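To start, the structure itself, in structure tokens.
Owing to the predicted nature of the structure, the values given are computational and were not obtained by experimental measurement.
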Amino acid sequence: GLVQYTNLAFARMYGRSDPREFIGESVGARVAPEAREAFLARATLRLEGQPVEQGYETIGIRRDGERFPVLVTASLVPLSDGQAVIGFFQDVSAQREAETRLRDSETRFRLLFDHAADAIYIHERGGTLVDVNQAAIDSVGYTREELLRMSVLDLGCSHADLPAVWAALKEGQGATAVGRHRRRDG
């Protein structure tokens, strides 16, 4: 199929200033060669009335050759002279970059958490443990799996200490609790 209409936002996304530049162009011309066959196959199936995913991600190519992730949402629409596919294209580069930064940040946190010399116990408001680091495991002698089925109360922490810790956290401050824990061997 050929492009019949597009708007200024689409033109700008692909590095152009005039949407009319796309009219008559193949609908797959702005898709990376390695993704073009799948893109066109979806469009063909949609025109044939076959079931096909409505939204998917592909790889677009800007005028300068830069590749970028594009979220495509397409639907079949009836027109007076037949059926057409209407597609909405969204540049999702910023979202993918944010996801990459988040993954990198989570990796750094996990490395710091796992290799900290101090025992770290992360628990819910009621004291149920949700994560522990290796130093915590080593200090009490339980396995990670055992600890994650436990509460800080099971380790001998006083229930009376929890409200003060939570109050400090509510105020946006960090809280450190110093106490004695009961090891697995008593």
- Please report the shortest heavy-atom distance between Met150 and Leu155, naming the atom on each side. CE-CD2, 3.7 Å

- Note on the structure: dist Tyr121:OH -> Leu148:CG (nearest 0.5 Å) comes out at 11.5 Å

- Message: Taking atom CD as the centre, does Glu57 end up with more than 12 heavy-atom neighbours from other residues, nucleotides or ligands that are less than 6.0 angstrom away?
- Response: yes

- So, for Arg183 and Gly141, which heavy atoms are closest and what is the spacing to 0.1 Å? NH1-N, 3.9 Å

Donor-acceptor contacts, no H, no angles, side chain residues 19-32, under 3.5 Å, sequence neighbours left out:
unit_1	atom_1	unit_2	atom_2	d
Arg20	NE	Asp18	OD1	3.0
Arg20	NE	Asp18	OD2	3.2
Arg20	NH2	Asp18	OD2	2.9
Glu21	OE1	Arg63	NH2	2.6
Glu25	OE1	Arg30	NE	3.4
Ser26	OG	Gly28	N	3.2

- Here the gap from Leu147 atom CG to Leu129 atom CG, rounded to the nearest 0.5 Å, amounts to 6.0 Å

- Item | Closest heavy-atom pair and its distance - Val152, His123 | CG1-CD2, 3.7 Å

- Item | With Ser105 via side chain to side chain contact (heavy atoms under 4.5 Å, CB included) - residues at least two apart | Arg108

- Message: Side-chain heavy atoms nearer than 4.5 Å, only ILVMFWY residues, links allowed to pass through others: does that put Val3 and Phe10 together?
- Response: yes

- Message: With rounding to the nearest 0.5 angstrom, report the CG to CZ distance, Asp131 to Phe113.
- Response: 4.0 Å

- Any donor-acceptor pair under 3.5 Å linking the side chain of Asp118 with the backbone of Ala135? no

- For Val92 and Val70 the tightest heavy-atom approach is CG2-N, 4.1 Å

- Item | CZ-CD1 distance between Arg36 and Ile59, expressed to the nearest 0.5 angstrom | 11.0 Å

- Task: Give a yes or no answer on whether the side chain of Arg144 reaches the backbone of Val132 with a donor-acceptor pair at less than 3.5 Å.
- Result: yes

- Taking it one step at a time, do Phe68 and Tyr14 satisfy side chain to side chain contact (heavy atoms under 4.5 Å, CB included)? CA-CA 9 Å; Phe68 65 102; Tyr14 282 93; 3.7 Å; yes

- Glu106 bridged to Arg103 by N-O distance under 4.0 Å: no

- Message: Looking at Arg12, I want to see if its CZ is surrounded by more than 12 non-hydrogen atoms of other residues, nucleotides or ligands under 6.0 Å.
- Response: no

- How far apart are the closest heavy atoms of Phe89 and Met13, and which atoms are they? CB-CE, 3.5 Å

- Task: With rounding to the nearest 0.5 Å, note down the distance linking OH in Tyr5 to CD1 in Ile86.
- Result: 9.5 Å

Listed pairs under 3.5 Å, donor-acceptor, residues 73-84 side chains, sequence neighbours left out:
unit_1	atom_1	unit_2	atom_2	d
Ser75	OG	Gln54	NE2	3.0

- Query: For the hydrophobic clusters of this structure (ILVMFWY residues joined by side-chain heavy atoms under 4.5 Å, transitively), does one cluster hold both Val72 and Leu40?
  - Reply: yes

- Query: When rounded to the nearest 0.5 angstrom, what distance separates OG1 in Thr128 from CD1 in Ile122?
  - Reply: 14.0 Å

